[in-house]
Amino acid sequence: MSKREDLLNALATLERVGRLAATGGEPRAALREIVAMVAEQMATPLCSLYLLEPASGSLVLAASTGLHFDPEHPPRLAAHEGLVGLTVEQGAPVAVREASRHPRFKYLPETGEERFASFLGVPVVRGTDTVGCLVVQTEAPRDFQEAETHLLQTVAHQVAGLVYTLFHAVPAVDAVLRGRVEGQRIVGTAAATGVAIGPAAVEAGLLPLHAYQESGVPEVEETRLDVALINARNELDRVAEQLREEVGEEEAALLDMQRLMISEGSFVSTIEARVAAGQNAYRAIRETTLRHYHAFEKLADPYIRQRGADVLEVGTRLLDTLCKGDPVAAAVARDDSVRVAAQIRVTDVLSASEQGVRGFVQGVNTPDSHAVLLARALNLPMVTGVNLTTITEGDRLIVDGTTGTVHINPTPDVEEIYQHDASAVVDGWRPPCAASELPVRLLANVSVQRDLDTAVTHGALGIGLYRTEYAFLLGRDGLGREEEQYRIYTDAVRRFPDHPTTLRTLDLGGDKPFLRLLPVEEANPLLGLRAVRLSLHRPRVLRTQLRAMLRAAAVGPVRILFPMVTTVEELDQLRAEVAGCQVALASEGVAYGTAVPVGVMVEVPAVARAGAALFAKVDFVAIGSNDLVQYTLAVDRQSTTVAALYQPLHPAVLHLIRDTVEAAHALGKPVSLCGELAATPLALPALLALGLDELSVAPTAIPAIWEGLAKLSRAACAPLLDDLLGAPTEAAVVDLLRRAFPALAGDH
Ligand code: PEP
Ligand code: MG
């Protein structure tokens with residue numbers, strides 16, 4: 001064929017692709033037609049289109065000429081896998097003469113791909129997003145010409161347009177593969193009550209998602225990058241300085257690698273070169289970060305490999321700074337979305353609530369995770385255990401956290417009902433009886449300051465658990481200073497002048513990792529340096545916190561609570577730290593509480609079984625049933641695979657609560673329970689029968705628990721105790737409770 005014929009054919013192909021893009025049609029058929037046209041025009045036996053699935057982050061084979069596959073169960077690659085992944089990661093064409101010899105080679109065996117030798121892939125890019133990869137392959141090894149690469153790139157551009165035109169959403173692979181979902185309803189687990197309505201923001205990868213408004217002007221992108229680099233460097237310097245002051249030189253040095261990375265070397269120069277070559281700053285940072293990360297990941301030395309985490313941290317910091325620092329770039333940042341992710345982390349909930357995110361949909365089913373507890377505390381509806389492949393970025397979602405339902409692109413009728421309901425959710429609840437008439441003292445668990453308002457409006461007697469670590473996690477620069485902590489604690493104390501505010505020292509580590517304080521990454525963080533173990537490892541951080549708490553105790557009643565204590569020796573050290581802080585404050589002439597009650601949490605079975613030695617040295621005891629269940633039944637409270645084994649009403653748990661109450665009461669010490677079990681109406685008769693003195697629940701749970709307790713008396717519950725303790729299974733316990741108190745049964 002002559003050059004002129006080649007050109008005419010290429011133009012005809014482009015025109016046909018363009019027509020398809022403009023006129024739409026059945027999406028899968030349109031994409032099949034395109035890959036067939038491209039294969040024909042380029043005289044290759046194979047042309048395939050892979051699209052990036054936002055929910056899973058995988059590359060899914062959407063259409064192919066040359067590969068065999070079942071469109072209902074298309075083959076998929078992880079985003080960084082194979083030469084396809086490499087193309088997406090680089091955001092640039094990849095041409096390889098002998099694909100099987102390339103280190104990134106990976107073929108899809110079920111498709112017959114192994115017979116192909118050469119590979120040419122180009123990214124499919126729409127705006128700032130890489131949404132897929134268009135590939136041609138040949139059977140005989142050969143080099144590809146520049147003109148072929150250009151043609152494929154131009155077609156890929158049209159394909160991105162087609163995806164967008166047809167589905168009004170980028171990326172939209174779900175819609176491509178299944179047709180757009182409309183009026184669909186999926187049911188998961190109701191994790192945090194309330195209704196949230198908004199567009200889906202799907203978090204898929206290693207880096208956070210931002211809505212970045214590309215300027216289209218290379219100089220502007222360069223300036224934005226420069227400003228982001230300066231701001232990120234300054235921020236890192238500030239954090240390092242604070243660490244040096246408050247924790248130590250060694251810990252501050254942990255940030256050296258990150259500081260080096262954004263000051264000099266190939267990381268920054270690659271980003272700068274990309275922007276100079278016309279890429280926008282956001283994509284340049286994202287792609288360079290991911291390339292560097294994967295490069296680290298491949299290294300043999302495990303220590304160096306772990307530095308990949310630093311790369312991701314720096315990349316995240318730069319992206320955040322870029323999108324925050326420039327008002328135009330950030331102008332489109334969506335703050336009314338519903339966050340959708342496989343796993344929502346505590347820090348996600350904190351930052352999302354600051355940005356005004358409306359609610360959450362989570363893939364894994366962990367309705368008692370700390371992230372869920374926080375979402376509840378912040379009144380952010382959340383549904384967990386949802387099949388995320390049905391949700392696409394930009395879908396309109398209604399998250400009904402009360403029934404556990406997620407509506408995807410609801411019909412107007414459904415939306416109207418929910419809009420009405422959402423506006424009707426105003427706090428008009430009134431307690432059915434006086435607090436003093438309840439058979440147990442009802443207190444509130446507080447995680448963030450906003451909880452205090454709800455605790456007050458719902459009539460909590462006081463604060464039974466203040467999870468102080470959330471203020472640390474929320475703090476932009478990480479560590480809370482003494483003054484800041486003092487301010488937060490006194491705010492609570494002033495709201496509850498008549499009942500002690502129970503301030504728990506930091507419960508970090510475990511599923512609330514706070515990397516700056518943790519010296520090493522542990523294989524089993526839940527059994528490692530967590531809670532008081534971490535506090536004792538970082539005495540300066542502990543002392544700052546105790547000083548702030550003791551000073552708040554001069555303003556109003558405060559109790560200090562230590563989480564996850566296991567041994568008497570730990571408690572002795574903690575008490576010594578309290579005494580040491582009191583001496584220091586006295587010598588400085590600072591006002592502080594002299595007789596501040598100190599308590600331990602019972603979260604480890606060992607303490608529940610042999611607690612007397614510990615209880616003798618404290619003023620009160622608080623059972624953390626969330627962790628007690630986790631450690632008793634050896635079930636990670638966040639796990640989805642063994643979630644069915646997480647049984648808060650398991651007879652073994654009831655026995656441990658009974659042991660705790662008996663040992664503490666024998667010493668005249670009151671016992672509270674502040675895990676989610678206290679917020680489960682059906683569990684209330686068991687807790688009263690077991691003799692607890694106080695229950696502490698999320699402020700939003702107070703109405704339901706108040707109403708449940710109002711129907712009960714200790715005398716009516718006590719006779720159940722022997723049967724409950726003698727029950728062989730959790731199911732038997734539930735059955736007993738249901739039969740004895742049918743009015744509470746609907747709640748379990
Ligand atoms: C508990 O473990 O029950 C508890 C109240 O503590 P947290 O949920 O914060 O771990
Ligand atoms: Mg706990």
Side-chain angles (χ1 to χ4, degrees), residues 191-192 345-347 349-350 366-378 442-448 451 455 460 463-474 501-514 525-535 559-566 570 599-608 620-639 646-650 653-654 656-657 660-661 671-680 683 687 690 692 694-701 705:
R345 294 162 295 251
V346 167
T347 40
V349 181
L350 288 169
T366 56
D368 284 322
S369 70
H370 279 119
V372 172
L373 295 187
L374 185 63
R376 272 183 218 155
L378 295 171
L442 185 55
L443 310 174
N445 292 345
V446 170
S447 299
V448 291
D451 289 343
I463 304 302
L465 170 68
Y466 200 131
R467 293 182 166 102
T468 60
E469 61 275 6
Y470 286 104
F472 276 61
L473 292 163
L474 186 57
T501 292
T502 312
L503 297 173
R504 178 173 78 177
T505 59
L506 294 182
D507 182 10
L508 290 169
D511 65 336
K512 284 176 277 188
F514 193 63
L526 287 168
L527 301 179
L529 203 58
R530 184 192 159 182
V532 290
R533 302 171 182 187
L534 182 58
S535 295
R559 303 194 291 191
I560 295 178
L561 180 60
F562 291 118
M564 209 187 151
V565 174
T566 315
E570 279 173 327
V600 278
M601 287 194 80
V602 175
E603 301 189 281
V604 179
V607 176
F620 67 101
V621 173
I623 299 175
S625 58
N626 301 336
D627 278 308
L628 187 61
V629 172
Q630 156 166 274
Y631 292 125
T632 302
L633 301 175
V635 180
D636 177 350
R637 65 200 249 197
Q638 306 243 55
S639 167
Y646 188 88
Q647 299 176 351
L649 283 168
H650 190 285
V653 176
L654 302 186
L656 291 173
I657 297 175
T660 304
V661 174
V671 187
S672 72
L673 190 140
C674 51
E676 288 308 294
L677 193 53
T680 310
L687 299 179
L690 286 161
L692 287 150
E694 290 175 353
L695 300 180
S696 192
V697 301
T700 46
I705 296 306

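Counting convention: from 1, in listed order, for ligands and their atoms alike. As a basis for the values below, the full set of heavy atoms in this structure was taken, side chains included, without hydrogen atoms, waters or symmetry mates.
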Is the backbone of [Y] close enough, under 3.5 Å, to the side chain of [X] for a donor and an acceptor to pair up by distance?
{"X": "D507", "Y": "R467", "value": "no"}
{"X": "Y631", "Y": "L526", "value": "yes"}
{"X": "S696", "Y": "A444", "value": "yes"}

How many angstroms lie between atom CG of L633 and atom OH of Y646, to the nearest 0.5 angstrom?
->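 Rounded to the nearest 0.5 Å, the CG-OH separation comes out at 8.5 Å.
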R376: what forms a side-chain hydrogen bond (donor to acceptor under 3.5 Å, both in side chains) with it, not counting sequence neighbours?
->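 Partners of R376 by the side-chain hydrogen bond (donor to acceptor under 3.5 Å, both in side chains) criterion, ordered by chain and then number, come out as E676.
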Identify, with sequence neighbours excluded, every residue that meets salt bridge (Lys or Arg N to Asp or Glu O under 4.0 Å) alongside E570.
->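 With sequence neighbours excluded, E570 shows a salt bridge (Lys or Arg N to Asp or Glu O under 4.0 Å) to no residue whatsoever.
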Proximal protein residues to ligand 1, non-hydrogen atoms under 4.0 angstrom |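 Within 4.0 Å of ligand 1, protein side: H370, L373, L465, R467, R504, D507, K512, R530, M601, E603, G624, S625, N626, D627, R637, C674, G675.
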Answer yes or no: is there an ion pair linking R637 with D627, defined by an N-O contact shorter than 4.0 Å?
->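 So R637 pairs with D627 through a salt bridge.
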Ion pair present between R533 and E603, side-chain N to carboxylate O less than 4.0 angstrom?
->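 No, no charged N to carboxylate O under 4.0 Å.
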Quick one: is the NZ or CZ of R504 closer than 6.0 Å to the six-membered ring centre of F562, and within 45° of its axis?
->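 R504 over F562 ring: no.
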Protein-derived N, O or S atoms lying under 2.8 Å from the Mg ion (ligand 2), waters excluded |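 That number is 2, waters not included.
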